[in-house]
Amino acid sequence: MQNTVAKVAVVGSGISGSVCAATLARNGISVILFDSARGPGGRMSQRRERSEDGRELLFDHGAPYFTVTNPDVLSVVTEWESRGLVAEWKSNFGSFDCFTNKFVNTEHQERESKKYVGVPGMNSICKALCHEPGVDSKFNMGIGKFEWLEHENLWSLIGLDGQHLGHFKGVVASDKNIASPRFTAITGQPPPLDLSLAPELVKLHDIPIYPCFALMLGFNEPLSLVPANGLSFTNSKVLSRAHCESSKPGRSSTSERWVLHSTTEYAKDVIAQSGLEKPSKETLSKVGNEMLQEFLGTGLTIPQPFFMKARRWGSAFPATSIAKEEKCVWSEKKKLAICGDFCLSPNVEGAILSGLAAASKLKGLIGTL
């Protein structure tokens, strides 16, 4: 990269970072967005898989949908809806009790909050935001170090490969592990952000998280005996929820696709045995088989899937909220904002609100940037 001073760097292209980057850009602040992944999404990611017979299969393996109660978020989502980026998922939702082996509350729940999905995938929202005018997105580019240049009053970002990525007048980070020992456990490198750089950052030290495993399934026929397209499970040690991916608006219906999520307790047990490193094929195969057997244990006639693949969602849900009132962690002196679902609430709406809050802090300094 050229050694020019861009105004703000946003690290992380999940929904919080993407919302923040697009909001800043719309307010005249130039943004460079960095993410170590191949594309945007975070908890809104979509997986593109291929079956043995060559069929392409798309799965929202993270958040299956999101709801909105905050008027500020509703305003944002309404605008996304007008652009065709989101749609309401109108379907049957319910619960299955694994103790009684019975489905309960499997009705069209019109009285509940609307359930929104990205169209044609959950990551469609982040994709659009990351490519808004004024946002320069750079993927496959992880950050190895955030360096504060005291005399220049600037941030210097260094890539995981040691490459200098530029100087920035403000920085936004949306990764809960950016200053955590968990980063070292996973990558073998020290955390990119030194907590001693600002007193406000102490809240970031080792934020507890709840892990999860996701199982992606493809079936040749509809699961017609399952009376709902979105299910939560009670009294199961293995499964927490399941949703029919192919029933969402804007999705291909050439095959029936489901995503199952494990319970936190099950995921913790697996990780305790296999470690924080990338899980082996054997571990994922064992996890997939155990989750599938629990799903088949509903007692209904569910055929064997033609496609099955498990993935670990290691930092699925933060177990605490570190900035409920402020909605983001903010160091005015360093022009550094930390945003994400771990700041406010562990869901998409919380992540959006935190991203808006971080953008608001930096927008307030637009005259000094």
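Note that the numbering runs from 1 along the sequence shown for the chain.
In this structure, S354 OG and L344 CG are separated by 6.5 Å, a value rounded to the nearest 0.5 Å. In this structure, NZ in K309 is found 11.5 Å from CG in L215, a value given to the nearest 0.5 Å. Atom CD of E294 and atom CG of L260 lie 10.0 Å apart (nearest 0.5 Å). Residue M291 holds its CE atom at 9.0 Å from OG of S236, rounded to the nearest 0.5 Å. Within the model, atoms CZ of F139 and SG of C130 stand 4.5 Å from one another, a figure rounded to the nearest 0.5 Å. Considering CD1 of I158 and CD of Q163, their distance stands at 9.0 Å, rounded to 0.5 Å.
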Which atom pairs, donor and acceptor, lie under 3.5 Å between side-chain atoms of residues 32-48 and protein residues at least two apart or in another chain?
from: D35; atom 1: OD1; to: A37; atom 2: N; distance (Å): 2.8
from: D35; atom 1: OD2; to: S13; atom 2: N; distance (Å): 2.7
from: D35; atom 1: OD2; to: S13; atom 2: OG; distance (Å): 2.7
from: R43; atom 1: NE; to: D341; atom 2: OD2; distance (Å): 3.0
from: R43; atom 1: NH2; to: A316; atom 2: O; distance (Å): 2.7
from: R43; atom 1: NH2; to: D341; atom 2: OD2; distance (Å): 2.3
from: S45; atom 1: OG; to: G42; atom 2: N; distance (Å): 3.2
from: S45; atom 1: OG; to: G42; atom 2: O; distance (Å): 2.7
from: R47; atom 1: NE; to: E49; atom 2: OE2; distance (Å): 3.3
from: R47; atom 1: NH2; to: E49; atom 2: OE2; distance (Å): 3.3
from: R48; atom 1: NH1; to: E56; atom 2: OE1; distance (Å): 3.2
from: R48; atom 1: NH1; to: E56; atom 2: OE2; distance (Å): 3.0

Let me have the donor-acceptor pairs involving side chains of residues 140-149, under 3.5 Å, with sequence neighbours excluded, atom names and distances please.
from: W148; atom 1: NE1; to: E150; atom 2: OE1; distance (Å): 3.0

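In this structure, the side chains of H261 and W313 come closer than 4.5 Å at one or more pairs of heavy atoms. Between N101 and F96 the shortest side-chain heavy-atom distance falls below 4.5 Å. With a 4.5 Å cut-off on side-chain heavy atoms, C244 and L223 do not count as touching. Side-chain contact between L197 and L336: absent, with no pair of heavy atoms (C-beta onward) separated by less than 4.5 Å. Between R182 and I209 the shortest side-chain heavy-atom distance falls below 4.5 Å. Looking at heavy atoms from C-beta onward, K115 lies in side-chain contact with T67 at the 4.5 angstrom threshold. The shortest side-chain heavy-atom distance between W155 and V8 does not fall under the 4.5 Å cut-off. At least one side-chain heavy atom of L353 sits under 4.5 Å from a side-chain heavy atom of N70.
None of V171, L154, N153 except one satisfies the side chain to side chain contact (heavy atoms under 4.5 Å, CB included) rule with K335; the exception is N153.
Applying the 6.0 Å contact sphere to OH of Y210 captures no more than 12 heavy atoms from other residues, nucleotides or ligands.
The aromatic rings of H164 and H167 sit perpendicular to each other, their planes meeting at more than 60°, with 30° as the lower class boundary.
Closest of all the heavy-atom pairs between K248 and P64 is NZ-O, 2.8 Å. Looking at every heavy atom in both residues, G275 comes nearest to R312 through O-NH1, 3.3 Å. The minimum heavy-atom distance between L284 and A310, with the atom names listed, is O-CB, 3.5 Å. Heavy-atom minimum distance, A357 versus K327: CB-CB, 3.6 Å. Across every non-hydrogen atom of C343 and C328, the tightest pair is SG-CA, 4.0 Å. Taking all atoms of both residues into account, the shortest heavy-atom contact from R55 to S255 is NH1-CB, 4.4 Å.
Hydrophobic cluster membership is shared by V73 and W89, with clusters built from Ile, Leu, Val, Met, Phe, Trp and Tyr side chains linked at under 4.5 angstrom. Under the 4.5 Å side-chain heavy-atom criterion for grouping Ile, Leu, Val, Met, Phe, Trp and Tyr, I29 is connected to V135 within one hydrophobic cluster. A continuous path of ILVMFWY side-chain contacts below 4.5 Å connects F213 to L231, so both sit in one hydrophobic cluster. Connection of V117 to M216 is not established within any shared hydrophobic cluster, with ILVMFWY side chains joined at heavy-atom distances below 4.5 Å, either directly or through further cluster members. In terms of hydrophobic clustering, with Ile, Leu, Val, Met, Phe, Trp and Tyr side chains grouped at heavy-atom distances under 4.5 Å, I302 and F306 are assigned to different clusters.
Here the side chain of E245 pairs a donor or acceptor atom with the backbone of D60 at under 3.5 angstrom. No donor-acceptor distance shorter than 3.5 angstrom exists from the side chain of K127 to the backbone of G121, with no hydrogens or angles considered. With hydrogens and angles ignored, the 3.5 Å screen pairs no side-chain donor or acceptor of S95 with any backbone N or O of V104. With hydrogens and angles disregarded, a donor-acceptor distance shorter than 3.5 Å links the side chain of R251 to the backbone of P249. Side-chain atoms of S124 never come within 3.5 Å of backbone atoms of L85 as a donor-acceptor pair (strictly under, hydrogens ignored). A distance-only check finds no donor-acceptor pair linking the side chain of N229 to the backbone of S91 [under 3.5 Å]. Without hydrogens or angle criteria, T23 side chain to V19 main chain gives a donor-acceptor distance under 3.5 Å. Between the side chain of S16 and the main chain of I352, no donor-acceptor pair closer than 3.5 Å is present. Using a distance-only test at 3.5 Å, with no hydrogens or angles considered, no donor-acceptor pair links the side chain of S262 to the main chain of S240. Between the side chain of R26 and the backbone N or O of E132 there is no donor-acceptor pair closer than 3.5 Å.
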Test side chain to side chain contact (heavy atoms under 4.5 Å, CB included) applied to R257 and F307, step by step: CA-CA 9 Å; R257 299 179 308 287; F307 176 85; over 6 Å; no
Yes or no on side chain to side chain contact (heavy atoms under 4.5 Å, CB included) for L57 and S51, after CA distance, side-chain angles and deciding distance? CA-CA 7 Å; L57 305 168; S51 63; 4.2 Å; yes
Run K237 and D269 through salt bridge (Lys or Arg N to Asp or Glu O under 4.0 Å) and show every step you take. CA-CA 11 Å; K237 294 181 178 179; D269 287 345; over 6 Å; no
Could you walk me through whether L24 and C20 pass side chain to side chain contact (heavy atoms under 4.5 Å, CB included), step by step? CA-CA 6 Å; L24 289 172; C20 181; 3.9 Å; yes
Output, in order, the C-alpha distance, side-chain angles, deciding distance and verdict of salt bridge (Lys or Arg N to Asp or Glu O under 4.0 Å) for E282 and K286. CA-CA 6 Å; E282 292 75 20; K286 180 174 181 290; over 6 Å; no
Please report the C-alpha distance between Y266 and V287 in whole Å, then the side-chain angles of each, then the deciding distance to 0.1 Å, and finally whether the side chain to side chain contact (heavy atoms under 4.5 Å, CB included) criterion is met. CA-CA 9 Å; Y266 174 81; V287 165; 3.7 Å; yes
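Checked against the 6.0 Å centroid criterion, the rings of W258 and F295 qualify as a close aromatic pair.
Pairs passing the side chain to side chain donor-acceptor pair (under 3.5 Å) check and including a residue from residues 197-208, sequence neighbours excluded, read S180-D206.
Note that K176 lies outside the cation-pi zone of F342, set by a 6.0 Å cut-off to the ring centre and a 45° limit from the axis.
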